S.K.: 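Got a structure here, written out as structure tokens. Questions coming.
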There are 2 protein chains.
Amino acid sequence: MSKRSGETYHHGNLHDTLIAAAIELIRDKGPNAFSLRELAKKAGVSHTAPYRHFKDKNALLSAIAETGFKTLTERTQNAAMQFDGDPKRQLIETGVAYVELALDSPEITQLMFGGFIDTKKCPKENLDSEADNAFQGLVNLIESGKQSGIFRNEETELLALATWSMVHGLAMLITGGQLCGIADEQDQVRNLSAKVETLLMEGILVR
Amino acid sequence: MSKRSGETYHHGNLHDTLIAAAIELIRDKGPNAFSLRELAKKAGVSHTAPYRHFKDKNALLSAIAETGFKTLTERTQNAAMQFDGDPKRQLIETGVAYVELALDSPEITQLMFGGFIDTKKCPKENLDSEADNAFQGLVNLIESGKQSGIFRNEETELLALATWSMVHGLAMLITGGQLCGIADEQDQVRNLSAKVETLLMEGILVR
DNA sequence: CAGTAATGTTGGCAGTGTATACATAGATGT
DNA sequence: ACATCTATGTATACACTGCCAACATTACTG
């Protein structure tokens, strides 16, 4: 009807609007309480409109998770870039960035890793190409650290998995509320994740 | 009516039956797809009967998570006991047990840590007394390792957090399907988690 | 400028969590 | 033995959910 009020029958950019609004909703109520109908209401469309852009709820959540993996890749690689040539520092800052993102967006992190998305057995193909990107950055970092003679000459994949597990575990403990009181604020988290990563590099055993 | 067929009006032990049946359902369909009504049907009672034993769905899930934390404590402490006097080995085997449990029960692990349960801000009080038990075992282990002069003289809490994060991260990556193809089978997982923990102890840096 | 594809709406269905009122049975005190 | 209280289970109802099918409107394309 009248375009002047901005109310067109077609929304114009519903796809992106839905994702943005969904992220807001998930931040507010957690990935578990998120509903498509509330999302539609928030976006100002009918409750079935989202189905024109996403096959089903799971597809929407996958899209959101994918954006999460993208920003994870961005932030970690950006952190690494700032300390080019210093693999030790790179490893630490990459980890800090990882954990900080989890603190910023605990609900999205839970969505990405918590099992809310149906990934039919091995997800190796779907959205995880994006997750692999983040991991690949870590592998490269470690490889270069090995070649500079700073990191031990162990299997690269193993070293990468260890660092990833460490940081990921810390992130999940924080988002799960297990470290409440210990790691709530950003400076606590920076400090803690840096210390923990340093420990991984230097080892726990007396030498 | 007739007791002979075993159909009494009162179930007799519905509380425990519900938990057991719920665990089965969650193992089958994941914590996300689990529903109270299906559970009631499986237990052979009306769909509101569970409310006589659990305040709401969240309370039921909390109870299940608590059993999860109990078996986690049991298994890790049992693993540690088998290598009493050898803190290094204890640390490794505790971690292996942790990860193995996650492989055994990925859905329950996701329920415990994935954000399916509403823990109103800091959960420090609720079911997490049980989670703290598992952590406390780790703390003791590290403390004794420090006193034997095997582990470095760093803050115990920090060392414990590092080892917990490492193992927890590996567990969550496995349950999330991120390590599909790398850590699906039990011997792979044993091997990997032992290697990763050894790495944490010996450090990544060249010495 | 027709016709077709893309995008949105309405209405409906089965399934969900949970509140309320009611039914039954085990336990208890006399 | 019996009345009564309380624990436990049922029936019904409501608002909400994901999703399907039929229809409406608009944008795009020859």
Side-chain angles (χ1 to χ4, degrees), chain A residues 1-22 24-26 28-65 111 115-120, chain B residues 1-22 24-26 28-65 111 115-120:
Chain A
M1 306 290 171
S2 71
K3 269 191 179 178
R4 38 183 16 188
S5 65
E7 304 168 14
T8 54
Y9 185 90
H10 284 331
H11 179 285
N13 192 11
L14 188 52
H15 180 98
D16 294 355
T17 303
L18 283 175
I19 289 191
E24 264 191 52
L25 274 182
I26 292 175
D28 282 359
K29 330 187 105 191
N32 210 18
F34 166 77
S35 93
L36 274 187
R37 288 174 104 112
E38 191 175 354
L39 170 64
K41 191 178 299 179
K42 185 181 172 100
V45 293
S46 76
H47 64 268
T48 52
Y51 285 89
R52 300 294 145 181
H53 298 273
F54 301 96
K55 179 179 159 291
D56 54 16
K57 187 180 184 180
N58 201 60
L60 212 198
L61 294 180
S62 292
I64 294 175
L111 174 66
F116 292 95
I117 299 174
D118 234 30
T119 39
K120 301 289 172 208
Chain B
M1 311 289 169
S2 69
K3 270 190 176 177
R4 36 183 18 186
S5 65
E7 305 168 12
T8 54
Y9 185 90
H10 285 327
H11 179 283
N13 193 11
L14 188 51
H15 180 98
D16 295 355
T17 303
L18 284 174
I19 290 191
E24 265 192 51
L25 274 182
I26 292 175
D28 282 0
K29 331 186 101 188
N32 209 18
F34 165 77
S35 93
L36 274 187
R37 290 175 104 111
E38 191 175 356
L39 170 64
K41 191 178 299 180
K42 185 181 172 99
V45 292
S46 77
H47 65 269
T48 52
Y51 286 88
R52 298 294 145 183
H53 298 274
F54 302 95
K55 180 179 158 290
D56 53 16
K57 187 180 184 179
N58 201 60
L60 211 200
L61 294 179
S62 293
I64 293 175
L111 174 66
F116 291 96
I117 297 174
D118 235 29
T119 40
K120 298 293 172 205

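Computed from a predicted structure; not experimentally measured. Order of the sequence lines fixes the chain letters, A, B, ..., with proteins taken first and strands second; residue numbering starts at 1 for each chain.
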S.K.: Starting from P on dA7(D), measure out to NE2 on His15(B) and report it in whole angstrom.
M.R.: 16 Å
S.K.: Tell me if a side-chain donor or acceptor on Asn58(B) pairs with a main-chain N or O of Ile117(B) at a distance below 3.5 Å.
M.R.: no
S.K.: dG17(C) P sits how many Å from His47(B) NE2, rounded?
M.R.: 10 Å
S.K.: Roughly, in whole Å, what's the span from NZ in Lys57(B) to C1' in dA19(C)?
M.R.: 17 Å
S.K.: Tell me whether the centres of the aromatic rings in Phe34(B) and Phe116(B) are closer together than 6.0 Å.
M.R.: no
S.K.: Mind checking the CG-CG spacing from Leu60(B) to Leu39(B)? Nearest 0.5 Å is all I need.
M.R.: 6.0 Å
S.K.: Nearest to the side chain of Val45(B), heavy atoms from C-beta on, is which of dT10(D), dT18(C), dC19(D)?
M.R.: dT10(D)
S.K.: From the options dT10(C), dT12(D), dG17(C), select the nucleotide whose nearest atom is closest to the side chain of Thr48(A).
M.R.: dT10(C)
S.K.: How close or far is atom P of dG18(D) from atom CZ of Arg37(B), stated in whole angstroms?
M.R.: 16 Å
S.K.: Between Ala59(A) and Lys55(A), which heavy-atom pair has the shortest distance, and what is it?
M.R.: CB-N, 3.9 Å
S.K.: Could you check how far NZ of Lys42(B) sits from C1' of dT16(C), rounded to whole Å?
M.R.: 19 Å
S.K.: Nearest to the side chain of Leu14(A), heavy atoms from C-beta on, is which of dT10(D), dG17(C), dG8(C)?
M.R.: dG8(C)
S.K.: Whole angstrom is fine here: how far is it from CZ in Phe54(A) over to P in dG18(D)?
M.R.: 14 Å
S.K.: Just compare dG18(D), dT10(D), dT16(C) and give me whichever is closest to any side-chain atom of Glu38(B).
M.R.: dT16(C)
S.K.: Checking only heavy atoms, does the side chain of Arg52(A) share a donor-acceptor pair with the base of dG8(C) at less than 3.5 Å?
M.R.: yes
S.K.: Check the distance between dC20(D)'s P and Leu36(A)'s CG and give it to me in whole angstrom.
M.R.: 12 Å
S.K.: Please work out if Ser35(A) contacts a base, only the sugar-phosphate, or nothing of the nucleic acid, heavy-atom cut-off 4.0 Å.
M.R.: sugar-phosphate
S.K.: Tell me which nucleotide among dT10(D), dG8(C), dT12(D) gets nearest to the side chain of His53(A).
M.R.: dG8(C)
S.K.: Is it true that atom NZ of Lys42(A) has more than 12 heavy atoms of other residues, nucleotides or ligands lying nearer than 6.0 Å?
M.R.: yes
S.K.: Give a yes/no on whether any side-chain N or O of Ser46(A) is located under 4.0 angstrom from OP1 or OP2 of dG8(C).
M.R.: no
S.K.: What is the distance from CG of Leu18(B) to C1' of dG17(C), rounded to the nearest Å?
M.R.: 15 Å
S.K.: Check every atom of dC20(D), dT10(D), dT16(C) against the side chain of Ala49(B) and return the nucleotide holding the closest atom.
M.R.: dT10(D)
